[in-house]
Number of protein chains: 4
Amino acid sequence: MKRKFTEKQMHILDVAEKLIAKKGFDGTSVRDISNQAKINVAMISYYFGSKEKMMAYLYRYRIQKTRESFAEFAEVIRDGKPEMQMKELVKYVVSQLFKFNYFHGFVTQEMRHDDSLKQDMMEFYTTFATKMEEVIKKGIASGVFSNAPKPEDLLSTIIGTSLFVIRNKNFFSHYVAGKDENYLEEAEKKVLANLLVTVFSVLGFQPH
Amino acid sequence: MKRKFTEKQMHILDVAEKLIAKKGFDGTSVRDISNQAKINVAMISYYFGSKEKMMAYLYRYRIQKTRESFAEFAEVIRDGKPEMQMKELVKYVVSQLFKFNYFHGFVTQEMRHDDSLKQDMMEFYTTFATKMEEVIKKGIASGVFSNAPKPEDLLSTIIGTSLFVIRNKNFFSHYVAGKDENYLEEAEKKVLANLLVTVFSVLGFQPH
Amino acid sequence: MKRKFTEKQMHILDVAEKLIAKKGFDGTSVRDISNQAKINVAMISYYFGSKEKMMAYLYRYRIQKTRESFAEFAEVIRDGKPEMQMKELVKYVVSQLFKFNYFHGFVTQEMRHDDSLKQDMMEFYTTFATKMEEVIKKGIASGVFSNAPKPEDLLSTIIGTSLFVIRNKNFFSHYVAGKDENYLEEAEKKVLANLLVTVFSVLGFQPH
Amino acid sequence: MKRKFTEKQMHILDVAEKLIAKKGFDGTSVRDISNQAKINVAMISYYFGSKEKMMAYLYRYRIQKTRESFAEFAEVIRDGKPEMQMKELVKYVVSQLFKFNYFHGFVTQEMRHDDSLKQDMMEFYTTFATKMEEVIKKGIASGVFSNAPKPEDLLSTIIGTSLFVIRNKNFFSHYVAGKDENYLEEAEKKVLANLLVTVFSVLGFQPH
DNA sequence: AATGAATGAGCATTCATTCAT
DNA sequence: GATGAATGAATGCTCATTCAT
């Protein structure tokens, strides 16, 4: 499954990701994708076996990339203070969600397709939760955090809040500065500020 | 548009809601619905005009009901203290999301279908935000809340967190007690507890 | 088959005739008819057995009426001179075609439905041809006509020309005076003049 | 729009033309056509976009061919005497109508589908009328014709009579020699003879 | 006698996929 | 390896008709 993709295949996946995020898996036909990507209709079946399998490649590819990115990120913050680590963790998760909002825009909705993909996604979230728990414990130990919320609760709040804002432009844009086309950019800033306050409040953060 | 529905029509809407939440609008055929609901395929067009219009009725119906329910709820908590009001507000929103999780399972995803429906949904959220702002202000005035977060931020967190948990059973069930079929029930309790702590932390709640 | 129709049934037939002439048999749904006639959908099956059978009643009804009308007409011209009889015959046929253009608008096209109807229609035309032959012979005998064209040829020309003009408003209206809504009225005058000239030319008419 | 058609597409158009002439546009399903043409149902949409568009191609194709054929024909008779030209003109129109009787069998009936097609058809008829007028004038000038009927009247008679005979086999076959399967062939001869007599009578033809 | 509700068959079309080259 | 043509299955929907009252 850990195939390397050619330039052309990557291009198809990119196009597919955006279209599926916008119009849903069923709402996006292979003809839509092939037209947009300027390739032959038959290519999707040819390259990936089927539309459904293409979807699986898409998942795997994005998760794989995120895993690599997170490993790198974890290394960078390895030696910091827990409050800094927590702040960076929140910033990282939020930025990843907004950056790959195309992907996350359909990730939960379309997960019905393949149970093994759900498993992958679960592990992907668990990696974050584990790291978060480690940081919380360290903060408690060092006395900068006075409460120890469950990592899954904290993570649900961070991811859930971000995804809600990404998906509910209609509601949230009323409270966001800037032009319509900058929505995601501006919304990210606002959500990040909110979540940092929220997370540190919940942790009962007390600077030394 | 404020039609009354017959028993049979309600039944179809119920079945449709569940199927669509599970498999998406496009992924759910009128034959799926008619088979599950034990009715004739033609009935969906006959009753609602089309599959798309049935979707609109579904929205309108749920939103209408929620609006009524919220008006009633708002009356009940009218004279309470702000901390009680806020607690009830959170409980109310969370319980509604879990109760109508089928509906909320597709509400954001499938909103592309009709712009006027998006508008309705937006107003529906705004009603909550307005009430929340009122309570925050009162709490600040009376001194029980020391911070005044933006109501839209608070609301995003409440709704976003709840929806994330509803939709990501795969991840969250690992942290939830009880059997698999009780997932939503148990998850609701856990999320509610989490959100109450979160919200009151953010508000800097100080009991008199 | 020679049923008498109630007021209501007659009304349905009237509405059906016009709709079918305008949009064709298949293009006219029983719902169209029932809506226009302000009756229940089920009535058409109820009264006539089926849509197809309703069509048959329509034919029979119109043919029957025409037969009666023609018998009456034949009586009126019984004792005239052949040139007068021929002129009246042409006028009569043309006026009937234009008067019941709704009917004749679909009569040939939709005849596939029932072979016995074709038979009826044939006899209906044959009645005219027979009368025409009689008049031609008389005119030849009396010397006012010098040629004896075949009655079926003469009749084809009269009916064919009239129907062509009725059905090809798009082409013929360019040559017709008056406003668009008077098309049939004006076209009838023009066609009648044309056919009288044509028929009498062919007959080699020589006034005594 | 001036597409070239493949062998297969032509075959489908041929089959469709015959079926539609026999059973009407609505009465002919794409399944009927695909069964008869031994092709897949989806091909009609695939090749022509839709059933309706296939109809448009059919029109355009036939009219285009007729236009070409007429231009060629007009060239051939260019230098003849008016009586010869008129005779050939009548023969030409009648032969075209009988040759493409499938097409002309539905052309007026089904014209509701597309207004631009009506326009095309109108121009197609007008081309004939114009030529006819030219010949009449020339004949009047040279003294072989003593009357100048309106070209649209003459044309209505020629086309109307031919179409009537084509469509009313049931009536006309009683007067036609030969076997049933030769109806059109024999009817054409008879109609042509009739129309030549009729047209030249109306023109008051006097050989020099 | 008359009707609103309901039905099953059929419609044109679109779909992901496969085939022949 | 890559493609345009072609396919069968499924889609939402409309139809004339029938059913229960």
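Here is how names work: the chains are called A, B, and so on, in the same order as the sequence lines, proteins then strands, and each is numbered from 1.
One finds no side-chain N or O of A/Lys8 lying less than 4.0 angstrom from the OP1 or OP2 phosphate oxygen of F/dG1. At E/dA1, none of the side-chain N or O atoms of C/Tyr47 fall inside 4.0 Å of OP1 or OP2 (strictly under the cut-off).
Rounded to whole angstrom, the span from the CD1 atom of B/Ile12 across to the P atom of F/dG12 amounts to 14 Å. The CD1-P distance, from B/Ile33 to F/dA10, rounds to 17 Å in whole Å.
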Across nucleotides 13-21 of chain E, 5' to 3', mark each nucleotide with B, S or - according to how protein heavy atoms within less than 4.0 Å reach it. BBSBBB---
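Under a 3.5 Å cut-off, the side chain of C/Thr28 and the backbone N or O of C/Leu19 do form a donor-acceptor pair. At distances below 3.5 Å, not a single donor-acceptor pair connects side-chain atoms of B/Ser34 with backbone N or O atoms of B/Asn40.
Legend: residues meeting salt bridge (Lys or Arg N to Asp or Glu O under 4.0 Å) with C/Asp14, ordered by chain and number and at least two apart, are absent. B/Lys18 pairs by the salt bridge (Lys or Arg N to Asp or Glu O under 4.0 Å) definition with nothing, not counting sequence neighbours. Qualifying side chain to side chain contact (heavy atoms under 4.5 Å, CB included) partners for D/Lys99, counting only residues two or more places apart in sequence or in other chains: none. Under the salt bridge (Lys or Arg N to Asp or Glu O under 4.0 Å) criterion, B/Lys51 pairs with no residue, sequence neighbours left out.
Taking the six-membered ring where the residue is Trp, the centroids of B/Tyr57 and B/Tyr47 are separated by 6.0 Å or more.
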Taking Watson-Crick and G-U wobble contacts under 3.5 angstrom, with | marking pairs to another strand and [ ] crossing pairs, the secondary structure of DNA chain E is written .||||||||||||||||||||
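A salt bridge links B/Asp32 with B/Lys23: the distance from a Lys NZ or Arg NE/NH1/NH2 to an Asp or Glu carboxylate oxygen falls below 4.0 Å.
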